[in-house]
Amino acid sequence: MSSTEPEYGFPAPLWRAIERARPPLPRWRSPLRGPWLTSVMGVVLLVGLALVIVTGLLSYIAYGPQLGQAIPPDVGALRLPIFDWPTRPSWLYRLTQGVHVGLGMVLVPVVLAKLWSVLPKLFAWPPVRSIAQVLERLSLLLLVGSILFEIVTGLLNIQYDYVFGFSFYAAHYTGAWIFIGAFVAHVALKLPRAVRTLRSRSLRTELRTPLAATLPEDDDGSGLVAEHPARPTMSRRGALALVGGGALLVAGLSVGQTVGGLLRPTALLLPRGRTTAAADGGPNDFPVNRTFVSSGIDVTSTGDGWRVELAGAHPRQLDGTALAALPQHTAQLPIACVEGWSTVQTWSGVRLRDLAALAGVPEPASALVSSLEEGPFARAALTSGQVLDPDSLLALRVNGAELGLDHGYPARVIVPALPGVHCTKWVRSIEFRSA
Ligand SMILES: Nc1nc2c(c(=O)[nH]1)N[C@H]1C(S)=C(S)[C@@H](COP(=O)(O)O)O[C@H]1N2
Ligand SMILES: [Mo]
């Protein structure tokens, strides 16, 4: 449609005045922009971002809000239906959080390409045409603003880079709900049209079309197709390959943080999951975020005088020798950090449920684990199911050796499917609570 024709129900003289008032806005000329290309990326994001949303909300639940450890603590009307996070399969949080962080990163090139594809709409003239269109533009502002906000805060968080002066969790959670609202509205408004548009061209044909035969899409009035398209410098399949290749590159530079082993050093985008405690190939050579030194704990408190205090109906104190004399259990369990990295190791120690029974609370409603460390990792609460799982341990050993100081010596908690942050290191006490 030519911009000199009357449109949008404006009378012709008004339309001409609007056109005359047009500031020197960029005239987009890429012949690849069009509703089909936008719809392809839209459908990829519809599926991908839905997974990122669901796994993100699951992470909020996995933290155990019912035990008073939701972050952010008070979410008002944004409360989710809470359930006890299961302990089986043991790789559950490894999977959900790995997907949340990993897929979130992999989709960044697709989000950027989608924004590129609709860029002309941002500069549409006149900027305001009707009430409905103003509302749509506002909802798009929320959609684009919140996805960029979620990407930036998420990426900064996994780089340990708290440059922003607000709580990451509160911001990321609130931003998520703004995004969810705008995303649902956007999908409801656009999906029927996207499906129709996708049917209008065959993906297979596009993938067979070389540069020489690449033509602009038909102008459907969506404002995406250039009025005066330039000659293509890239085929449509080339553009798809570029975006897909970017996503694969991000995936390739991140998988190492979950797969581990020889691939761990290749996780270049995720420095946190690559650092190890003892780089000696020994039993304690696996990732560590926070070393013993950075915990600020006085090393003498982990020495001969160390006891774990068990609080319950029969409070007790056990030293390392007493713990080692109790029945020992070994389990292969992951540590899965909220930042996406994970590692599976073989842990040995005393079952938490045996300690609960020793403390006179064989069926605890919950347990509160405290660390020698002060600060954000000082305490973590466990649900009844997490205490009673037969693989839940107060671990004393890892991979057949004594736990290294960086990994929580003299004792650390390890529970199947528990977010890594609650696998408290340098345990000082466990309080078993009855209902
Ligand atoms: N006392 C204490 N326990 C802790 C931590 C910590 O910093 N201090 N880090 C937690 C986090 S965030 C994770 S993911 C796991 C593994 O962290 P690590 O790599 O620092 O051992 O231990 C958890 N337990
Ligand atoms: Mo973590």
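Whatever order the structure lists them in is the order used to number ligands and atoms, beginning at 1. Every value quoted in this text rests on a predicted model; they were computed, and no experiment measured them.
Using a 30° and 60° split on the angle between ring planes, Phe123 and Trp28 fall in the tilted class, from 30° to 60°. By the 30° and 60° cut-offs, the orientation of the rings of Trp177 relative to Tyr173 is perpendicular.
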What donor-acceptor contacts under 3.5 angstrom involve side-chain atoms of residues 427-435, with partners at least two apart or in another chain?
residue : atom : partner : partner atom : Å
Arg428  : NE   : Ser371  : O            : 3.4
Glu431  : OE2  : Arg433  : NE           : 3.4

What are the atom names and distances for all N or O pairs under 3.5 Å between ligand 1 and the protein?
residue  : atom   : partner : partner atom : Å
ligand 1 : 1 (N)  : Ser371  : OG           : 3.2
ligand 1 : 1 (N)  : Glu373  : OE1          : 2.8
ligand 1 : 1 (N)  : Lys425  : O            : 3.2
ligand 1 : 3 (N)  : Lys425  : N            : 3.0
ligand 1 : 7 (O)  : Arg290  : NE           : 3.0
ligand 1 : 8 (N)  : Glu373  : OE1          : 2.6
ligand 1 : 19 (O) : Asn289  : N            : 2.6
ligand 1 : 20 (O) : Asn289  : N            : 3.1
ligand 1 : 20 (O) : Arg290  : N            : 2.9
ligand 1 : 20 (O) : Lys425  : NZ           : 2.8
ligand 1 : 21 (O) : Lys425  : NZ           : 2.6
ligand 1 : 22 (O) : Arg412  : NH2          : 3.1
ligand 1 : 24 (N) : Cys423  : O            : 3.0

Problem set entry | From CA spacing to verdict: side-chain contact (heavy atoms from CB on, under 4.5 Å), Leu80, Ile61 | CA-CA 8 Å; Leu80 288 166; Ile61 293 171; 4.2 Å; yes
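Thr96 and Thr55 share no side-chain donor-acceptor pair at under 3.5 Å. Looking at Ser59 and Gln97, their side chains do bring a donor and an acceptor atom within 3.5 Å of each other.
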